[in-house]
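See structure below.
These figures come from a predicted structure and were not determined experimentally.
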Amino acid sequence: ARARQALEDYFACERTQRFAPCWPRLSKRVQAEWARQGRGSVSEYAESRAAAEPRYTDFRVQQIRRSPSRVVFLVEATRAAERDGVPDRVEYAVLREGEQWKIDGRRVGQSETTP
């Protein structure tokens, strides 16, 4: 349930294109990846993610794969501009870091992207 809540919080960021609240939801690995790209602050991350395409407005979890420290959600995500179109298949990986669940990966189709 906590892994799903972390994912729902991230969905809210994708819906609104306001990503600053999601920075603390990212795993240490993902935050380090953003830092390697020169976007290691909350504001740099939020600005970069808000400029990214596509913008999703609707999410439907289709499948869940679990292990003790990681949950992968296979999601159908509908783009804002294509409400009647075919949804994208997006995988979100959520990782347990200590007592918290963090967003650790995102794959759109066959492309690995940084959440």
Taking all atoms of both residues into account, what is the closest heavy-atom pair of [X] and [Y], and its distance?
{"X": "Asp104", "Y": "Pro115", "answer": "C-CG, 4.3 Å"}
{"X": "Thr57", "Y": "Arg15", "answer": "O-NE, 3.2 Å"}
{"X": "Glu97", "Y": "Arg29", "answer": "OE2-N, 4.4 Å"}
{"X": "Gln17", "Y": "Glu14", "answer": "OE1-O, 3.0 Å"}
{"X": "Trp23", "Y": "Gly40", "answer": "CZ2-O, 3.4 Å"}
{"X": "Trp101", "Y": "Arg25", "answer": "O-NH1, 4.3 Å"}

Within the distance-only criterion (no hydrogens, no angle test), does the side chain of [X] pair as donor or acceptor with the backbone N or O of [Y] below 3.5 angstrom?
{"X": "Thr16", "Y": "Ala12", "result": "yes"}
{"X": "Gln31", "Y": "Lys28", "result": "no"}
{"X": "Lys102", "Y": "Val30", "result": "no"}

Quiz prompt | Heavy atoms from other residues, nucleotides or ligands near CD of Gln100 exceed 12 (cutoff 6.0 Å) | solution =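 Open.
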
Quiz item: For Leu95, which fellow cluster members are found when Ile, Leu, Val, Met, Phe, Trp and Tyr are connected by side-chain heavy-atom distances below 4.5 angstrom, either directly or through intermediates?
Solution: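 Same cluster as Leu95: nobody, lone residue.
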
Practice problem: Give the other cluster members for Val72, using side-chain heavy-atom distances under 4.5 Å between Ile, Leu, Val, Met, Phe, Trp and Tyr residues; answer none if it is isolated. | Solution: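 None; Val72 is a cluster of one.
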
Exercise. List the steps and the verdict of side-chain contact (heavy atoms from CB on, under 4.5 Å) for Ile103 and Val94.
Key: CA-CA 5 Å; Ile103 304 297; Val94 183; 4.0 Å; yes

Practice problem: Identify, with sequence neighbours excluded, every residue that meets ring-ring contact (aromatic ring centres under 6.0 Å, His included) alongside Phe73. | Solution: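 Expected list: none.
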
Self-check item: Under the ring-ring contact (aromatic ring centres under 6.0 Å, His included) test, residues paired with Phe19 that sit two or more places apart
Solution: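 Phe19: no ring-ring contact (aromatic ring centres under 6.0 Å, His included) contacts found.
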
Exercise. State which residues pass side chain to side chain contact (heavy atoms under 4.5 Å, CB included) with Thr113; sequence neighbours excluded, sorted by chain then number.
Key: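 For Thr113, the residues satisfying side chain to side chain contact (heavy atoms under 4.5 Å, CB included) (neighbours in sequence not counted) are Arg106, Val108.
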
Exercise. State, with a plain yes or no, whether a side-chain heavy atom of Thr114 is found less than 4.5 Å away from one of Arg49.
Key: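 No, their side chains stay 4.5 Å or more apart.
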
Quiz item: Do Tyr92 and Phe59 come close enough that some side-chain heavy atom pair is under 4.5 Å?
Solution: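 The answer is yes, as the side chains (C-beta and beyond) meet within the 4.5 Å cut-off.
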
Side chain to side chain donor-acceptor pair (under 3.5 Å) against [X], all qualifying residues, sequence neighbours excluded:
{"X": "Glu47", "value": "none"}
{"X": "Arg89", "value": "none"}
{"X": "Gln62", "value": "none"}
{"X": "Arg2", "value": "none"}

Rounded to the nearest 0.5 Å, how far apart are [atom1] of [X] and [atom2] of [Y]?
{"X": "Gln5", "Y": "Glu8", "atom1": "CD", "atom2": "CD", "answer": "6.5 Å"}
{"X": "Arg96", "Y": "Ser67", "atom1": "CZ", "atom2": "OG", "answer": "9.5 Å"}
{"X": "Leu74", "Y": "Arg60", "atom1": "CG", "atom2": "CZ", "answer": "13.5 Å"}

Practice problem: Please name all residues satisfying salt bridge (charged side-chain N to carboxylate O under 4.0 Å, His left out) with Glu76, sequence neighbours left out, ordered by chain then number. | Solution: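 Once residues adjacent in sequence are excluded, Glu76 has no partner under the salt bridge (charged side-chain N to carboxylate O under 4.0 Å, His left out) criterion.
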
Exercise. List in chain and number order the residues that pass salt bridge (charged side-chain N to carboxylate O under 4.0 Å, His left out) with Glu99, two or more places apart in sequence or in another chain; answer none if no residue qualifies.
Key: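 Applying salt bridge (charged side-chain N to carboxylate O under 4.0 Å, His left out) to Glu99 gives none.
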
Quiz item: Got a sec, which pairs hit disulfide bond (SG atoms under 2.5 Å apart) with one end in residues 15-44, sequence neighbours left out?
Solution: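 Residue pairs with at least one partner in residues 15-44: Cys13-Cys22.
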
Quiz item: side-chain contact (heavy atoms from CB on, under 4.5 Å) between Glu91 and Arg65: does it pass, once the steps are laid out?
Solution: CA-CA 10 Å; Glu91 284 188 15; Arg65 295 189 308 265; 3.4 Å; yes

Quiz prompt | Passing candidate, side chain to side chain contact (heavy atoms under 4.5 Å, CB included) with Pro87, options Val75, Asp58, Thr78 | solution =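 Single side chain to side chain contact (heavy atoms under 4.5 Å, CB included) partner of Pro87 among Val75, Asp58, Thr78: Thr78.
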
Exercise. Kindly state whether the ring of Tyr56 and the ring of Phe11 have centres lying under 6.0 angstrom apart.
Key: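 Distance test on ring centres: not under 6.0 Å, no.
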
